[in-house]
Amino acid sequence: MSYRQVSDADEDDGTIVETSQAGGLPYAAARVPERRFFRTSQSLHTAISVTAGTVMALFGYEQGVFGGIIIGKDFLEYFNDPSPGLQGFVVSVYDLGCFAGAILTLFVGERLGRKRMLLVFTVVMGLGIIGQTASQNMTQMVYGRFIAGIGNGGNTATAPVWHVETSHQSAKGKAVVKEMAVNVLGFVISNIITLAFSGLMTEAQWRFPLGIQLIFVAIILVMVPLLPESPRWLLARRRDDEARQVLSMLNDHDAEEEFEQIQSSVKAEQAAQGSWSQLLKGGIATRRVVLGMILQIAQQLSGINVLAYYLPVVLHRSVGLPQLTARLVATGNAVSFWLTTSASILFVDRVGRRPLLMVGAGVMAVAFLGVSIGVGAGFASPGNHAPGIAATVFIWLYFTAFSSGWISVPWLYPAEVNSLKFRTKGAALATACDWLFNYVVVQTTPPGIEHLKWGLYLIYSVLNAVFVPLVYYLVVETQGRSLESTDQWFLRNTAWLVHKADHSNAGPSSIADGIHLDPVQTPEDHEAMMTAFEVGDDDASEVSAASRRSSYSFVD
């Protein structure tokens, strides 16, 4: 998709040409770009949601697929009946790869941009999936899962940021919850596929469920080149004309006010000359990054992947269900999990992040306590089915509570809470924490089931109870705020403890076609830096040729 330069002659041909003032100088903006593949802004937003959702669906599929194949007879026989410790490692090494991919994002994310990041890491993930599917021994399987993990780590650090930065501020929460709903749909598909192939006594029992992931890879590689880059990333690279064109495509109303709002925020942050030393010295930037990291760590220590990765194993070995029954119950639970996650779209942007997290953590603590009691009673009375049924009900309660907020907010939060200057670094660090603690949980679960029995679930009950005061005292409310107004909130509220702070979204705002735009008011001590930062003739070499031509190709 390309754009034609607007000349003076175009003003007389019946085409609307926008004019405005930017920095006191008049300009003639490019015409609202033709949407060649997506005729309306809504269809474009839908395509972005589908693409980002496919990234998360692939993530969800990987969460569920190994739990389904690792209890299969052919898989265990083919790999010589691996011990619980080795089973834990071959599953969790994927998370180590994801950790490595998230760390790589720190070094190449801002340089490549959101789109190129997704393309590069999707190719890497595809290579890892091929390696797993073709594995002849456990060593090859481990390497395949590690390589696929690198790709997924980079993708999951990038897709939510890209999605949020191309969404209207009033739909940020819904955008990421849609990703999570599709993530759980991937989890559902993995359960259905492994159930469907569980009756086979050939290698197809596990090779097909692994290889089918390449369909997700193909969708991502086809869709990403057709979609726009983040306008905020373009403005950060001083590609203003391209950013304005992208915003025109993403909006049906005049996007100039939103453009100027984002531009002001970008200039203020870049004028401040943020760096790693600034990020690590303990100021506001550090606090904002740490908050995103805390929620990602808490999400993993809530115990979701004890159940998501190993639900058939938990139901079979802990609860005592027969293998086929365990698979059927796991599939039914996955469908329920998807439905409740999808339902959360209705209220995620109506209810604040803090209430969702606190209530959810409280219910999850009760749920894991019920699982622990049920599993313990089941071991004490092997012939009694009631404890197993009770434990299964509490597992369902846990997934329902998790889907109400904990599934989406920790992924949304790093993109919401961090300033543009540190958004990629913050999202990457938070995602790295998620994968590191994901590895810890997934690695320790099979030995924990074997040795701790009911005590494993009691540990996660206590952890969830701890998260209630943690959110109450530390987590800042971001619901309903634009990315730029969040910057201003942190400038006004510098204390770490926020239980007495004003979390409301009150304040002056302007409205354009129903979209609330909070004005950015740059602090006085930034004014001089912003003035010095203005691009002049001497800076022309730093502005891309594409930006100078007012043209931008979506197909890289």
Side-chain angles (χ1 to χ4, degrees), residues 51-66 89-133 141-164 176 179-180 183 186 210 213-214 216-217 219-221 224 230 233 276 289 292-293 295-297 299-300 305 308-309 410-411 414-415 418 422-443:
T51 306
T54 303
V55 172
M56 304 308 286
L58 183 52
F59 167 31
Y61 189 96
E62 268 287 356
Q63 283 182 302
V65 68
F66 244 82
F89 181 70
V90 72
V91 177
S92 64
V93 72
Y94 176 80
D95 301 313
L96 284 181
C98 292
F99 173 76
I103 292 297
L104 279 174
T105 307
L106 289 171
F107 300 100
V108 300
E110 284 300 331
R111 186 171 301 175
L112 292 180
R114 318 305 188 215
K115 287 178 58 179
R116 289 189 178 91
M117 282 285 291
L118 290 172
L119 292 172
V120 169
F121 281 103
T122 299
V123 170
V124 172
M125 191 170 187
L127 294 175
I129 291 169
I130 292 171
Q132 292 177 70
T133 307
M141 180 66 75
V142 167
Y143 278 114
R145 284 189 62 74
F146 182 76
I147 292 170
I150 292 174
N152 192 52
N155 277 350
T156 53
T158 304
V161 174
W162 176 57
H163 200 182
V164 167
V176 176
E179 287 181 16
M180 294 300 106
N183 169 267
L210 292 174
Q213 296 174 91
L214 291 173
F216 297 99
V217 170
I219 293 172
I220 297 167
L221 292 179
V224 169
S230 159
W233 182 83
W276 277 106
V289 169
M293 294 167 66
L295 280 191
Q296 288 281 36
I297 292 170
Q299 186 196 56
Q300 289 308 308
N305 284 319
Y309 273 70
W411 287 101
N418 285 297
F422 295 106
R423 193 159 291 141
T424 296
K425 292 183 177 68
L429 285 172
T431 305
C433 287
D434 180 273
W435 289 119
L436 182 61
F437 281 83
N438 196 331
Y439 166 76
V440 172
V441 169
V442 175
Q443 173 64 53

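These values consider heavy atoms only, across backbone and side chains, with no hydrogens, waters or symmetry-generated copies.
By the side chain to side chain donor-acceptor pair (under 3.5 Å) test, Thr105 is found to be paired with no residue, residues two or more places apart in sequence or in another chain being considered. Partners of Tyr61 under the ring-ring contact (aromatic ring centres under 6.0 Å, His included) rule, at least two apart in sequence or in another chain, are Phe216. Residues satisfying the side chain to side chain donor-acceptor pair (under 3.5 Å) criterion with Thr54, sequence neighbours excluded, are absent altogether. Considering only residues two or more places apart in sequence or on other chains, Asp434 meets the side chain to side chain donor-acceptor pair (under 3.5 Å) condition with Gln300. Applying the side chain to side chain donor-acceptor pair (under 3.5 Å) rule to Trp162 yields no partners; only residues at least two apart in sequence or on another chain are considered. Scanning for salt bridge (charged side-chain N to carboxylate O under 4.0 Å, His left out) contacts around Arg145 gives Glu62, with sequence neighbours left out.
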Exercise. Could you check Val123 against Leu119 for side-chain contact (heavy atoms from CB on, under 4.5 Å), going step by step and ending with a plain yes or no?
Key: CA-CA 6 Å; Val123 170; Leu119 292 172; 5.8 Å; no
Quiz item: What's the verdict on side-chain contact (heavy atoms from CB on, under 4.5 Å) for Met125 and Val55, showing C-alpha distance, side-chain angles and the deciding distance?
Solution: CA-CA 11 Å; Met125 191 170 187; Val55 172; over 6 Å; no
Exercise. Please report the C-alpha distance between Leu214 and Ile130 in whole Å, then the side-chain angles of each, then the deciding distance to 0.1 Å, and finally whether the side-chain contact (heavy atoms from CB on, under 4.5 Å) criterion is met.
Key: CA-CA 8 Å; Leu214 291 173; Ile130 292 171; 4.1 Å; yes
Exercise. Tell me, with the steps shown, if Asn152 and Tyr94 meet side-chain hydrogen bond (donor to acceptor under 3.5 Å, both in side chains).
Key: CA-CA 9 Å; Asn152 192 52; Tyr94 176 80; 3.0 Å; yes
Quiz item: Would Val93 and Tyr143 satisfy side-chain contact (heavy atoms from CB on, under 4.5 Å), going step by step from the backbone distance to the final call?
Solution: CA-CA 9 Å; Val93 72; Tyr143 278 114; over 6 Å; no
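Across Phe66 and Gln132, no two heavy atoms sit closer than the pair CE1-OE1, 4.0 Å. Residue Ala430 comes nearest to Pro414 through the heavy atom pair CB-CG, 3.6 Å, listed as atom of the first residue, atom of the second, then distance. Nearest approach of Met117 to Thr158, heavy atoms of both residues: CE-OG1, 3.5 Å. For the pair Ser230 and Arg114, the tightest heavy-atom approach, listed with the atom from each and the gap, is CB-CG, 3.8 Å. Gly151 and Val124 get closest at one heavy-atom pair: N-CG1, 3.9 Å. Heavy atoms only, all atoms of each residue included: Ile150 and Ala100 are closest at CG1-CB, 4.3 Å.
To the nearest 0.5 angstrom, Asn418 atom CG is 9.0 Å from Leu429 atom CG. Rounding to the nearest 0.5 Å gives a distance of 4.5 Å between CG of Asn305 and CG of Asn438. Of the inter-residue distances, the one linking His163 atom NE2 with Thr51 atom OG1 reads 9.0 Å to the nearest 0.5 angstrom. Note: Leu58 CG to Asn183 CG = 10.0 Å, rounded to the nearest 0.5 Å. Considering CG of Leu104 and CZ of Phe99, their distance stands at 10.5 Å, rounded to 0.5 Å. Atoms CG and CZ, on Leu118 and Phe121 in that order, are 9.5 Å from each other to the nearest 0.5 Å.
Gln296 places no side-chain N or O within donor-acceptor distance of the main-chain N or O of Met293, the cut-off being under 3.5 Å.
Here the side chains of Met141 and Leu210 are in contact, with some heavy-atom distance below 4.5 Å.
Here the two rings, on Trp435 and Phe59, have centers that are under 6.0 Å apart.
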